[in-house]
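Here's the structure we're looking at; comments come further down.
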Amino acid sequence: MDDFYRDFILDHYRNPRNQGHLDAPSASAEDLNPLCGDRIRMELDVRDGVIRDVRFSGQGCAISQASASMLTESIKGMRLEDAAKLSKDIVLENVGIGISPTRMKCAMLGLRVLKSAAIGEIAGWPDEE
Amino acid sequence: MDDFYRDFILDHYRNPRNQGHLDAPSASAEDLNPLCGDRIRMELDVRDGVIRDVRFSGQGCAISQASASMLTESIKGMRLEDAAKLSKDIVLENVGIGISPTRMKCAMLGLRVLKSAAIGEIAGWPDEE
Amino acid sequence: MIAFDEQTAQRVIADFPILARPTSRGKRLVYLDSAATSQKPNAVIDALDTYYREYNANIHRGVYEIAARATDEFEAARAKVARFINAQPQEIIWTRNATEAINLVAYSWGAHNLHAGDVILTTEIEHHSNLVPWQVLAERTGATLRFIPVDGRGELILDDIDRLLEGVKLLAITHVSNTLGTITPLERILPKARAAGATILVDGAQGAPHLPVDVRALDVDFYAFSGHKMLAPTGIGVLYGKRALLEAMPPFLAGGDMIRKVGYERTSFNDLPWKFEAGTSNIADAIGFGVAVEYLEALGMDWVRAHERDLLSYAFERLAPLEARGLAIYGPKDPARSSGVISFNFADIHAHDMASILDTEGICIRAGHHCTMPLMDKMGWSATARASFYVYNTAADVDALVEGLEKAARVFKL
Amino acid sequence: MIAFDEQTAQRVIADFPILARPTSRGKRLVYLDSAATSQKPNAVIDALDTYYREYNANIHRGVYEIAARATDEFEAARAKVARFINAQPQEIIWTRNATEAINLVAYSWGAHNLHAGDVILTTEIEHHSNLVPWQVLAERTGATLRFIPVDGRGELILDDIDRLLEGVKLLAITHVSNTLGTITPLERILPKARAAGATILVDGAQGAPHLPVDVRALDVDFYAFSGHKMLAPTGIGVLYGKRALLEAMPPFLAGGDMIRKVGYERTSFNDLPWKFEAGTSNIADAIGFGVAVEYLEALGMDWVRAHERDLLSYAFERLAPLEARGLAIYGPKDPARSSGVISFNFADIHAHDMASILDTEGICIRAGHHCTMPLMDKMGWSATARASFYVYNTAADVDALVEGLEKAARVFKL
Ligand SMILES: Cc1ncc(COP(=O)(O)O)c(C=O)c1O
Ligand SMILES: Cc1ncc(COP(=O)(O)O)c(C=O)c1O
């Protein structure tokens, strides 16, 4: 787990990309990981079925915040439909090695919120195990 | 425990002495052993502070019924005051050897009811251990 | 003659360490009180030991290694118990025992769904745990209780069942009578109850240990049972509830773990099943319950049922000669309609005296009202002696019981 | 310098088998999460083993030998726990945990004594288990909640206590904060609450394990605690209640064992303490709880308290140099006013990341809101890391924690 905190993770944690709010988001969602208290909000600017812009806000551990920050970079320009279908692999690819099973929920929080915003409903959460 | 069931115990169980009811008891009480369901009622005819007559009724195991039967024989002619102060020894002397601790409650049920009738209140139960 | 699976039985016995321990009088332990609580196999005892020696930790919020293992094993146990009765893990609420499971329904479902004038239908053969909670609830809400009557053989009388079910809001019925062994004809009653619009709770305290149970096939709304009667440790039980029902119910106990977000003034609750599990769970014993159902699954519940049927048949056969000498056997004397319980009285030997005499021979039976006082009153029995069987009993135990009865007859000079 | 009783501490460590087991990374287990749940000594684990291998049986109605032994040991355990807090055995109700004990009071006492407009006074530092049941009860009855405020150091502000106590029907207050270690000044609050006519419940989940407790000297009406936080197995807790109060309260759960006489329509209830213990009890774990308090008594609760104070003093001393590098320690930093808990955050390392990094070194701490969300919100902390001590911790564990923090600083390039 200690090898998880590589420079680029710490960089995303300390200098999150796309942090903040959109003036008029076309979709948004928020959730918290009740067991650790991490909280993330995602706002999307969608035009013609494509994610033109995205902002996230919230607080939490390096894993949840860095994962969310990286995720925002991955999805800009993505079709909303495809975002709704994202699997946890995108997060695992972004963050690389070293997440212990107990922390997987933290890593997936941003994705969970993004998908919630994208599909606009509760169904289809990413498998967190 | 099997050596408890000697002839005189079985005789008191099958031919209980002083069983039945008094026409006009001056004192009476009833109780049950909620865990085994044994139930005993005692009725006393008391004159000048002396127990002139006694009847018991109820149902239950050989231990409770024989103990109660023998107890009624022991207390006829006894001063009510003394009956109220009886300890468990009178029962143990009556029934002799062999009661296991789990059955002590059965043996003491009659005494408990007698004392209840005698002192007319809940205080001063015999120690059942 | 009955064809026992003696080989499996001997292997099973070897798994239960208590059965190898003689009594203080040097007698073999002949344990015939499994309807009260079952003995535990090494696998279950060892699971507790391993938990406390290797990975004891509080669950759900722990980041470190042993906490993660404890959480995984705890939730895996839930999944095992769910599979055992064909439910989903979210539908398995851990409780202390069947009694708490039934009370949970009475408090949470009952307080919100039952109103003055509503009818709760139950039966005359219920254990106090599936009767008193409904009496209390009826008193609190103004609902009324109605009873499916029992006949002299201990079987439910269904002649009037349609009328009895009229307007019933809740049917609370046992799967198996702990006093008589009667298997209630759920397959005849539940579809009618469903059609009548009743919510259905089955007290499975004597069902889950002894019969194959499929809550979906039975189509029950709630099914309550206790681990300690089915090889698991004391202190752990289960309420199965249909997901939609559980979702709609308010929490029962409040506190840690069952919440989502707490403020000083306002609180929102967690998802199923944790919504109903407040405070630190009985982690070790839940894990033990998982091991217990694995043990039963390995034996196969069909084997368990067949084995008990064999034991009952053999017992009825061996006991028959004593009936001429005053032995009265209660309940349906038909192994096909009865689970492994034999309730009896022998001439004028009171049940408690019988239990004491058998105890001197190492034979453990129960005597009394078996927490079914109203049934006893109705039948006119002040107490019965009860021998009950489980996976580790064999023909030798039945033989010991018969010899014990002979001894009792000698002691009482019958 | 702090004078540890190192000899006793080493003897204690040897009693806890889990502490001799290295983690999967080959590290020594440094268990600093006893506020969540404690580890168990051999004596407790062995007591469970002996119960299941030698005398497992259902209690109270059993005539045979092992049932008698089980009953005796079960009730002896109750007497031991009673003595441990200076109560009578009839005043000790077995529950699953502190949470159930508090809910029992909320349901049974609360539903009958609390009415619209009544006031429940509690504090801003409560665990959810001593907050949410009162929120629910307040909502159900129309009562209102009032809070004794907390200051920035995690201590209760008593300036307004007289006004806060005005018209209070129930005071529900923790003995020790599980998040901050704060020992609440019960000796200053309870006499005033008593004078104001309030019924007093103390949440002793973090009190009974760590401080000498005398419920008569404290003059509390109810005291709730959990076995698993004080060396006992999971699944067993206690509600202490003053006898007269318990006598007057209606039962909580209904079912077997808590009744005196049951009819189909009417039922009367058993004597204390069984009136509140429906269904088959958690027999094995209650017996284990008895062994656990014997273990603590043998150590002496004064020793336990002194040992934790020594650990806290030493920890504060060792952690001080890190404060310049961004370590923030919350709660009263005074070992005399605090039980063995240190809550902290280190620079911008989130508590969960801290816990994960420490885990790689075998160090077990808790991270999060510790079931005190409102307190966290008020303090403005999204999460804290918490190290907590118990009888088996030593200076070496504090040293390991400090080294772990140094490692975390390196990982996070502080
Ligand atoms: C102060 C306090 N109260 C109550 C509880 C609840 O204890 P349990 O989860 O054992 O019911 C805890 C345990 O986390 C606690 O620390
Ligand atoms: C039919 C039945 N229901 C309910 C119960 C209650 O089970 P427990 O005491 O484990 O809660 C029992 C156990 O005696 C039983 O036999």
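Just so we're on the same page: letters track the sequence lines, and every chain starts at 1. Just so you know, these numbers use all the heavy atoms, side chains as well, and skip hydrogens, waters and symmetry mates.
- Contact of the Gln39(D) side chain with the Ile66(C) side chain is registered, since non-hydrogen atoms from C-beta on lie closer than 4.5 Å.
- Residues meeting the side chain to side chain contact (heavy atoms under 4.5 Å, CB included) test with Ala35(C), sequence neighbours left out: Gln206(C), Val341(C), Arg386(C), Ser388(C).
- For Val136(C), the part lying near chain D is the side chain, with the backbone staying farther off; criterion is any non-hydrogen pair under 4.5 Å.
- In this structure, chain D has heavy atoms under 4.5 Å from both the backbone and the side chain of Glu54(C).
- In terms of modelled atom types and a separation under 3.5 Å, the side chain of Tyr264(C) and the main chain of Leu145(D) share no donor-acceptor contact.
- Taking Ala36(D), Gly62(D), Ala254(D), Ala20(D) one by one and counting their heavy-atom pairs under 4.5 Å with chain C, the maximum is reached by Ala254(D).
- With hydrogens and angles left out, the side-chain atoms of Thr23(C) and Glu65(D) include no donor and acceptor closer than 3.5 Å.
- For Arg69(C), the part sitting under 4.5 Å from any heavy atom of chain D is the side chain, from C-beta outward, and nothing else.
- Using a 4.5 Å heavy-atom cutoff, the side chains of Arg21(C) and Arg53(D) are not in contact.
- For the pair Met373(C) and Ile259(D), the minimum side-chain heavy-atom distance is below 4.5 Å.
- Of the listed residues His128(C), Met258(C), Lys378(C), the one with more heavy-atom pairs under 4.5 angstrom with chain D than any other is His128(C).
- Note on Ala355(D), Cys364(D), Pro133(D): by heavy-atom pairs under 4.5 Å with chain C, the leading option is Cys364(D).
- Heavy atoms of Asn130(C) lying under 4.5 Å from chain D are absent altogether.
- Among Leu137(D), Ile365(D), Thr372(D), the residue with the largest count of heavy-atom pairs under 4.5 Å with chain C is Ile365(D).
- Annotation for Pro374(D) and Gly263(C): closest pair CG-C, 3.6 Å, computed over non-hydrogen atoms.
- In this pair, Tyr64(C) and Tyr31(D) present their aromatic rings perpendicular. The plane angle is above 60°, beyond the 30 to 60° band.
- In terms of heavy-atom proximity, Asn282(C) sits nearest to Asp285(D) at ND2-OD2, 3.8 Å.
- Of the atoms belonging to Leu19(C), not a single heavy atom falls under 4.5 Å from chain D.
- Nearest heavy atoms, Tyr107(C) versus Phe252(D): OH-O, 2.7 Å.
- You'll find the side chain of Val132(D) reaches within 4.5 Å of the side chain of Phe269(C), heavy atoms only.
- The contact between Ala67(D) and chain C is made entirely by side chain atoms (from C-beta outward), counting heavy-atom distances below 4.5 Å.
- Taking the side chain as every heavy atom from C-beta outward, Thr280(D) and Arg96(C) never approach each other to under 4.5 Å.
- We find that Asp377(C) and Lys261(D) are joined by a salt bridge, their nearest charged nitrogen and carboxylate oxygen being less than 4.0 Å apart.
- Asn97(D) is linked by a side chain to side chain contact (heavy atoms under 4.5 Å, CB included) to Thr99(D), Glu100(D), Ser226(D), counting only residues two or more places apart in sequence or in another chain.
- When heavy atoms are compared at a cutoff of 4.5 Å, Phe147(C) approaches chain D solely by way of its side chain, counted from C-beta outward.
- At a 4.5 Å heavy-atom cutoff, Glu126(C) makes no contact with chain D through either its backbone or its side chain.
- There is no contact between Ile287(C) and chain D, counting heavy-atom distances below 4.5 Å.
- Between the side chain of Thr37(D) and the backbone N or O of Asn58(C), no donor-acceptor pair lies under 3.5 Å.
- Contacts between Ser24(C) and chain D at a heavy-atom distance below 4.5 Å involve backbone atoms as well as side-chain atoms.
- For a residue to count as touching a neighbouring chain, one of its non-hydrogen atoms must lie under 4.5 Å from one of that chain's; by this rule Leu253(C) touches chain D with backbone and side chain alike.
- Residue contact with chain D, scored on non-hydrogen atoms closer than 4.5 Å, is absent for Glu139(C).
- Annotation: the span from Glu265(D) atom CD to Gln135(C) atom CD amounts to 7.5 Å, rounded to 0.5 Å.
- Within the 4.5 angstrom heavy-atom criterion, no atom of Leu32(D) approaches chain C.
- Using a 4.5 Å cut-off on side-chain heavy atoms (C-beta onward), Val44(D) and Tyr52(C) make no contact.
- When heavy atoms are compared at a cutoff of 4.5 Å, Tyr55(C) approaches chain D solely by way of its backbone atoms N, CA, C and O.
- Interface remark: Leu29(C) contributes side-chain atoms only to the contact with chain D (heavy atom separation under 4.5 Å).
- Across Met376(D), His127(D), His228(D), Lys229(D), the residue that shares the most heavy-atom pairs under 4.5 angstrom with chain C is His228(D).
- Between Met354(D) and Val63(C) there is no side-chain heavy-atom pair separated by less than 4.5 Å.
- Summarising the geometry, atom CG belonging to Leu48(D) is positioned 12.0 Å from atom OH belonging to Tyr51(C); distances are rounded to the nearest 0.5 Å.
- Among all heavy-atom pairs drawn from Ile45(D) and Asp49(C), the shortest one is CG2-OD1, 3.3 Å.
- Each of Ala106(C), Pro251(C), Cys371(C) has some count of heavy-atom pairs under 4.5 Å with chain D, and the biggest count is that of Cys371(C).
- A donor-acceptor distance shorter than 3.5 angstrom exists from the side chain of Asn56(D) to the backbone of Ser38(C), with no hydrogens or angles considered.
- Of the atoms belonging to Leu131(C), it is side-chain heavy atoms, and not backbone ones, that fall under 4.5 Å from chain D.
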